[in-house]
Amino acid sequence: MSRKHPSRRRFLQKGAAVAGLVASPRALEVAGGSVEAAAQVSSASVVDNNDLESVLYGRRSRFVTTTREVEGRSHSQTPRIRPNPQRPSARTPLAELVGTITPTSLHFTTQHYYGIPDINPAEHTLTVEGLVERPLVFTMDELRRLPFVSRVHFLECVGNRPNPNAATVTGTHGRMGCSEWTGVPLSVLLDEVGIRNGASWVIAEAADGGRHTKSVPLAKSLDDVIVAYGQNGEPVRPDHGYPLRLVVPGFEGIYNVKWLKRIKVVDQPYLSFQEHSRFLTPNPKTQRDSYDFGPSSVITHPSGGQRIEARGTQVIGGLAWSGSGKVSRVEVSTDGGTTYQQAELVGPALSKAHTRFALPWRWNGEETVLQSRCLDERGQLQPSEAEYAEYWGLTRGQLYGTIQSQLGHCNWIQPWKVAADGKVTNGLAPTDVVVDVHA
Ligand SMILES: Nc1nc2c(c(=O)[nH]1)N[C@H]1C(S)=C(S)[C@@H](COP(=O)(O)O)O[C@H]1N2
Ligand SMILES: [Mo]
């Protein structure tokens, strides 16, 4: 270990000495929020970790009980984008996760239409047609024989937004996850069919009840879009698009068409459900009017709903990401944004992927506000709420009273307030109305 990163033992001793307390492992674990849940289960019936079922398909410890968080009803004025009531959407429990890959079972999920189709891969095909030389229909077997890539990318719903009325980081940012996606680059398929002159867009259509359809610029389709059959080392699961989904790195989640059935090469965008014409004339000022999400980050521990049990040294940690490329730097403020310190990036900062950051911090028992901001490789810096509002000439009421997808990419800073008793709550000033749509 380098001098910059002292061993765990020295780290705890240092914290204890500074605070005059013994920083117990329990105190640190509570920051992860799992001890109480574990205590509840310990009396549950004993599961046999040696049974055949767990040998065939592994299961987690009965002491680990983290689940996705089911979404409530969406905003009443927008019934047409209300998540399917038969199968609610759900959020990723961000505060309980470590590392950067979201376990697929905990990856947020949403669908706007009639539930999740039950697709037999032996019967599923992908048609690639339109302005092409040779329209082709691919079976799943044929797709698996083509060149493939495996890339780590975040997937974020445009519904993610710092939210003064949300108690936890799952409430503010739980509509995102990060996976290793495996599949055929869309460029390979487009090469197979041969794009004709005049083509400029690709329309992707799903096999679900609502035929979810999205327009993707041809340049993006030839760049890094993946027709994915694998997620985190196994077939994409039914709620994430089995057997095939589009992965459009850095774009809003809604472009990542699940249960992908058809690709049509065309000469104009279709501007289908929830597609915005504002993207067609990008505003050079910022990412708000561009397809790519801008730079973002959020502290996941300590975060809303948690409690810091002991004074002394501990690690502030969280996630940073950008739809425009790699995270270059994350800065953390422990004084409500007056000063910032550079955090350590844990692990490689991959392009358009979640990047974990960490900063050791000594809490002296006083009230304060913690927040992070991300700088991406394009040189874009994550704005504060006030900076974002001022830049776009929006009132605070508009920031929270407008449906997220109509507002733009809501990447402003989410602060967390630490009280003198260690309780952590939302650091944004409360507001009467927050429109919250899982779009
Ligand atoms: N076919 C289809 N694809 C879809 C959707 C849908 O309703 N139907 N929802 C989109 C939205 S809004 C998001 S945020 C992502 C969510 O992907 P996930 O459920 O795998 O997390 O899928 C997108 N792809
Ligand atoms: Mo979404």
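Keep in mind that what you see is a predicted model, and the values were worked out from it rather than measured. Residue indices begin at 1 and follow the sequence shown. Just so you know, ligand 1 is whichever comes first in the structure, and atom 1 is the first atom listed for that ligand.
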Answer yes or no: is there an ion pair linking [X] with [Y], defined by an N-O contact shorter than 4.0 Å?
X: Asp292; Y: Arg378; answer: yes
X: Glu205; Y: Arg211; answer: yes
X: Arg134; Y: Glu192; answer: no

Centroid separation under 6.0 Å, is that true for the rings of Trp321 and Phe357?
no
Report yes if the distance between the aromatic ring centroids of Phe148 and Tyr229 is under 6.0 Å, otherwise no.
no
Would you kindly specify which portion of [X] sits under 4.0 Å from ligand 1, judged on non-hydrogen atoms: side chain, backbone, both or neither?
X: His212; value: side chain
X: Val158; value: neither
X: Cys157; value: both

I want to know if ligand 1 touches [X] in the polar sense, i.e. an N/O pair below 3.5 angstrom.
X: Val257; answer: no
X: Asp208; answer: yes
X: Trp259; answer: no

With heavy-atom distances below 4.0 Å as the criterion, list the atoms of ligand 1 near [X].
X: Ala206; result: 1 (N)
X: Phe108; result: 14 (S), 16 (C), 18 (P), 19 (O), 21 (O)
X: His107; result: 21 (O)
X: Asp239; result: 19 (O)

So, Gln231 versus Ser179: side-chain donor-acceptor pair below 3.5 Å or not?
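Gln231 vs Ser179: donor-acceptor pair found between side chains.
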Under 6.0 Å from the six-membered ring centre of Tyr340 and within 45° of its axis: does the NZ or CZ of Arg373 meet both?
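Cation-pi check for Arg373 and Tyr340: passes.
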Candidates Ser297, Ser322, Ser372 - the one meeting side-chain hydrogen bond (donor to acceptor under 3.5 Å, both in side chains) with Gln382:
Ser297
My understanding is that we take every heavy atom of each candidate and find the minimum distance to atom 22 (O) of ligand 1. Doing that for Glu156, Gln231, Arg245, which one comes out nearest?
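The nearest heavy atom belongs to Arg245.
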